[in-house]
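These notes are about the structure you will find just below.
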2 protein chains.
Amino acid sequence: MRANPRPLSKREIRQENERLILEAAEKTFAEAGFGGATMQLIADVAGLPKANLHYYFPTKESLYRRVVQDIFQVWLQAADVFDGADGPEEGLGAYIDAKMEISRRHPAGSKVWASEVMHRAPVIQDYLETTLKEWTNGRMAVIQRWIDEGKMDAVNPRHLLYMLWATTQHYADFGHQIETLNGGEPYSDADWAEAKASVKHIILTGIGVGQDNA
Amino acid sequence: MRANPRPLSKREIRQENERLILEAAEKTFAEAGFGGATMQLIADVAGLPKANLHYYFPTKESLYRRVVQDIFQVWLQAADVFDGADGPEEGLGAYIDAKMEISRRHPAGSKVWASEVMHRAPVIQDYLETTLKEWTNGRMAVIQRWIDEGKMDAVNPRHLLYMLWATTQHYADFGHQIETLNGGEPYSDADWAEAKASVKHIILTGIGVGQDNA
DNA sequence: TCGGTTCCTGACCGTATGGTCAGGAATAGA
DNA sequence: TCTATTCCTGACCATACGGTCAGGAACCGA
């Protein structure tokens, strides 16, 4: 049996347990939905007693809210690559790469978000109306500027954004279907590269942006 | 008070009640998820006593299974436009139109399907492995033939299909988000026309197919 | 050392859920 | 008309759920 190197401080204990709970909650909410996930199941996944969950998060809804908020922050951060780009090939290309990478690394988060929105966003409606709306308007303006500068075709910026979201998140939200159609095998590095390249090629070509496909 | 024109026959009663229950179930499962939907709530929406639901569908899962199967049939039917088309502009254009129309008319069904797949398809895994896989392989072959005939660019047929699914279903599954970003207003006829045109333009252009945009 | 704070959890509670069932009403078929 | 079948439902049941709480253990700061 191993020696205990150092007792955790109160601060460390709180950080560590919150992390354990949030990870377990994200995974469980993604797999079972809000209604299907039980506090007992989340507790089992986290390896903690159920009562301990209620110590850190008073209600199931408060835990869920925190999970959804964290996901939203990840997505907002990923959109930074959008800004400061010289044109659509760089900006949109990097954005597609970033969102595909999130779908690959954090599929559970994407599913929780999708589920939340599908159920009419009972918890994050205010985010949709404020932060997301402002973010969307800002990026639409960037795209419109690129159009005005003749850097891409005059497509509807809003529907272009929707297509980017839909396509990239599809690889997370419908990952199980994709895996099944791949003979039950998870996507390999090569599969992901092919997916990224295909998405970028069709969309960038679709808006009149040339590509050097290596 | 109105006179009862004709008492319903047993057969008619069964048909009508099953329809009521299935409609209520689709709507409720879409809005609340499998776990969040209760038999009592479905019964209230259908306007029937809860015990009557269990008379027609012995368990909640059997009712849910029936709902998902019905949705899958609608989608398979919609794909008929794909076949017999002379080329990608006609075939894919019609397919996009058909799937956008389903997203508009049956958003609840799309959501139930999405939710089912996100939760690792506990009920329709066999459909994914058989019917959907065969369907997908067939359409990939059609697309590959179009490519070989020089009717479109050499894109990866599989990822093109995924993009079609993702984009068209996004307008149903994320309809609430789209509506919120539309100022809380549901999409009008003009909004839907614009969405359809945008999706078709970007994707068809993206695969090297010219379009006469009226 | 010691009082205060934080962390922890087994046992418990009220409620809501999926599902059952007995018994009755309505229709079908002969 | 008469019997069999189908349809219907209020009342009920066992279970599982989210959440509470008392009481103790561990750490902190002075």
Side-chain angles (χ1 to χ4, degrees), chain A residues 3-22 24-29 31-68 112 115-116 119 122-123, chain B residues 3-22 24-29 31-68 112 115-116 119 122-123:
Chain A
N4 211 348
R6 179 168 60 93
L8 293 174
S9 72
K10 294 283 193 194
R11 175 182 300 268
E12 286 168 326
I13 286 175
R14 175 166 280 270
Q15 275 188 340
E16 174 68 4
N17 282 348
E18 281 194 1
R19 190 185 60 79
L20 281 175
I21 294 169
L22 286 170
E26 179 179 292
K27 185 179 170 190
T28 307
F29 283 134
E31 285 180 0
F34 180 81
T38 68
M39 291 299 271
Q40 185 61 62
L41 184 56
I42 296 171
D44 291 346
V45 172
L48 294 171
K50 191 187 70 160
N52 207 351
L53 266 65
H54 280 101
Y55 173 71
Y56 287 101
F57 299 91
T59 66
K60 182 183 178 184
E61 191 178 316
S62 68
L63 173 57
Y64 174 76
R65 183 187 303 267
R66 174 69 179 278
V67 168
V68 175
V112 174
S115 188
E116 165 70 6
H119 302 154
V123 161
Chain B
N4 210 347
R6 179 167 61 94
L8 293 174
S9 72
K10 293 284 193 193
R11 174 182 300 269
E12 285 168 328
I13 286 175
R14 176 166 279 270
Q15 274 189 341
E16 174 69 3
N17 281 349
E18 281 194 0
R19 190 185 60 80
L20 281 175
I21 294 169
L22 286 170
E26 179 178 291
K27 186 180 171 190
T28 307
F29 282 134
E31 285 180 0
F34 179 82
T38 67
M39 292 299 271
Q40 184 61 62
L41 185 54
I42 296 170
D44 291 346
V45 172
L48 295 170
K50 192 187 70 159
N52 207 351
L53 265 66
H54 280 101
Y55 174 71
Y56 286 101
F57 298 92
T59 66
K60 183 183 177 183
E61 190 178 315
S62 69
L63 173 55
Y64 174 76
R65 182 186 303 266
R66 174 69 179 278
V67 168
V68 176
V112 174
S115 187
E116 165 69 6
H119 301 155
V123 161

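Lettering of chains follows the sequences in order, A, B, ..., and the numbering in each one begins at 1.
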Ignoring hydrogens, what is the shortest heavy-atom contact between A/Glu12 and A/Ser9? Give both atom names and the distance.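 Reported closest heavy-atom pair: OE1-N, 2.9 Å.
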
Check the distance between [N]'s [atom2] and [X]'s [atom1] and give it to me in whole angstrom.
X	N	atom1	atom2	result
A/Glu12	C/dT6	CD	P	17 Å
B/Arg11	D/dC7	CZ	P	10 Å
A/Ile13	C/dC8	CD1	C1'	10 Å
B/Glu18	D/dT6	CD	P	14 Å
A/Tyr56	C/dC8	OH	C1'	8 Å
B/Ile42	C/dT17	CD1	C1'	12 Å
B/Leu41	C/dT17	CG	P	9 Å

In chain order, what residues pass the side chain to side chain donor-acceptor pair (under 3.5 Å) check against [X], with sequence neighbours excluded?
X	result
A/Gln40	A/Asp44
B/Glu61	B/Arg65
B/Glu116	B/Tyr64

Taking only N and O in the side chain of B/Tyr55, is any of them less than 4.0 Å away from OP1 or OP2 of D/dC8?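 No, outside the criterion.
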
Taking OP1 and OP2 of D/dT6, is either one under 4.0 Å from a side-chain nitrogen or oxygen of B/Arg14?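 No, outside the criterion.
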
Test salt bridge (Lys or Arg N to Asp or Glu O under 4.0 Å) applied to B/Arg19 - qualifying residues, sequence neighbours left out: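 In terms of salt bridge (Lys or Arg N to Asp or Glu O under 4.0 Å), with neighbours along the sequence ignored, B/Arg19 is linked to B/Glu16, B/Glu23.
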
From D/dC28, C/dC8, D/dT9, pick the nucleotide closest to the side chain of B/Asn52?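 The listed nucleotide nearest to B/Asn52's side chain is D/dT9.
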
Please table the atom pairs, donor to acceptor, closer than 3.5 Å between any side-chain atom in residues 46-56 of chain A and protein atoms at least two apart or in another chain.
| unit_1 | atom_1 | unit_2 | atom_2 | d |
| --- | --- | --- | --- | --- |
| A/Tyr56 | OH | A/Asn17 | ND2 | 3.2 |

Scan A/Phe57 against the nucleic acid and name what it touches under 4.0 Å (heavy atoms): base, sugar-phosphate only, or nothing.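 No contact.
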
Using the ring of A/Phe34 (Phe, Tyr or Trp, six-membered ring only), decide whether A/Lys60 places NZ or CZ under 6.0 Å from its centre and within 45 degrees of its axis.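 The answer is yes, since A/Lys60 meets both limits relative to A/Phe34.
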
Take nucleotides 10-25 of chain D nucleotide by nucleotide from the 5' end and write B, S or -, depending on whether a protein heavy atom sits under 4.0 Å from the base, only from the sugar-phosphate, or from neither. B------SBBB-----

